[in-house]
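In what follows, a single structure is set out as structure tokens and then discussed.
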Protein chains: 2
Amino acid sequence: MGGAGPNGLPMTDPLDHVFAALADRTRREILTMLLEDDMAVTDVAEPFEMSLAAISKHLGILTRAGLISQEKRGRVKWCKLEPDALRDASIWMQSFGQFEAVNLDAFERFLEAEIDGPSGGSDRAD
Amino acid sequence: MGGAGPNGLPMTDPLDHVFAALADRTRREILTMLLEDDMAVTDVAEPFEMSLAAISKHLGILTRAGLISQEKRGRVKWCKLEPDALRDASIWMQSFGQFEAVNLDAFERFLEAEIDGPSGGSDRAD
DNA sequence: GCCATATTCAACCAAACGGTTGACGATGGG
DNA sequence: CCCATCGTCAACCGTTTGGTTGAATATGGC
């Protein structure tokens, strides 16, 4: 698969794709939209002022990075957030993580409260 | 440079620079090296198989992203890791890692409290 | 003062990026 | 069957990226 560089390390790290995908505001906004719900390509494109083809390319980049998945049902292609790839990148970043400022314990407590809490949560429109 | 887009949002988010800087294996390796110790430019360049000028450019990109700082002492320029910029990106990513269909308003309140809170606000060294 | 060292600058290059447009293949509805 | 809709493909364009080289600019040692 991936060729190996002189160090024995792969020449293209999956992190390359993840971070490169995140380095664009449009794509980050798309991810934020998909956080709320799965969406069709056309609906993803709607709020943006660029062509459908451009959004299609962005979605391809996000897919290649593993940040989303796309499933075609009928003539509609549904886009779905895939948080696992982000988790890998997040883990990489935490190795730098002095993170004095952010209290990760508090963050985890917050997450648990949110997920267990308010409305039992997942009412996805499938 | 920082014009405003049609949404009133800035056209170039600081996160653009951070993620773009991280999207290159060489730069990630440089950050890893700096994790252990501050280093001079020449020493940073030594293990790589590219020119010193190329490394100098990479360091410029990392500096522009706020991921490192450079201080010239004598004729040597010392490079130092700046974890704060990474913290912001990490916080952004965490919103995707663990959330399913969670209350984003509460998440934003959490972030504001965390960022404004513990150390009297974000004092970025630009 | 002179020379070696440390780092950047400037010009150049190929490749990738982000966007456009227009044509094209699927698919589903009346 | 016909046609509108969904989405991608292909070609093109200007800009950015990641690298090279060679010259230039500090700075420090002797």
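In the text below, chain A, chain B and the rest are named by the order of the sequence lines, each starting its count at 1.
In terms of modelled atom types and a separation under 3.5 Å, the side chain of Ser56(A) and the main chain of Leu52(A) share no donor-acceptor contact. Between the side chain of Arg27(A) and the backbone N or O of Ala20(A) there is at least one donor-acceptor pair closer than 3.5 Å.
Atoms CZ (Arg64(B)) and C1' (dT16(D)) sit 10 Å apart, rounded to a whole Å. In this structure, Gln70(B) atom CD and dT8(C) atom C1' are separated by 11 Å, rounded to whole Å. One interatomic measurement links the two molecules: CG of Leu59(A) to C1' of dG19(C), which rounds to 15 Å at whole-angstrom precision. Nucleotide dC17(C) holds its P atom 14 Å from the CG atom of Leu22(A), rounded to whole Å. Taking atom CD of Glu46(B) as the reference point, atom C1' of dT7(C) lies 17 Å away to the nearest angstrom. Going from atom CD1 of Ile30(A) over to atom C1' of dG18(C) covers 12 Å, rounded to whole Å. Protein atom CG of Asp24(A) is 11 Å distant from nucleotide atom P of dC17(C), rounded to whole Å. Rounding to whole angstrom units, CZ of residue Phe48(A) and C1' of dT20(C) are separated by 17 Å.
Remark: Lys77(B) is in phosphate contact with dT8(C), judged by side-chain N or O atoms under 4.0 Å from OP1 or OP2. Residue Arg75(B) places no side-chain N or O under 4.0 Å from the OP1 or OP2 atom of dA4(C). Considering only side-chain N and O atoms, Arg73(A) lies nowhere under 4.0 angstrom from the phosphate OP1 or OP2 of dT27(C).
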Stepwise salt bridge (charged side-chain N to carboxylate O under 4.0 Å, His left out) check, Lys80(A) with Asp38(A): CA-CA 5 Å; Lys80(A) 183 182 173 220; Asp38(A) 298 359; 5.8 Å; no
Full working for side chain to side chain contact (heavy atoms under 4.5 Å, CB included) between Leu15(A) and Leu22(B): CA-CA 8 Å; Leu15(A) 284 184; Leu22(B) 294 177; over 6 Å; no
Candidate pair Trp78(A) and Arg73(A), rule side chain to side chain contact (heavy atoms under 4.5 Å, CB included), full reasoning: CA-CA 7 Å; Trp78(A) 292 91; Arg73(A) 278 207 301 271; 3.8 Å; yes
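Non-hydrogen atoms lying under 4.0 Å from DNA chain D are contributed by Ser51(B), Ala53(B), Ala54(B), Lys57(B), His58(B), all within residues 51-58 of chain B.
Ranked by how close their nearest DNA chain C nucleotide is to the 5' end, Lys72(B) and Ile61(A) are led by Lys72(B).
In terms of heavy atoms, Glu82(A) sits closest to Gly66(A) at CB-O, 3.4 Å.
Aromatic ring orientation, Phe19(B) versus Phe19(A): parallel (interplanar angle below 30°, classes split at 30° and 60°).
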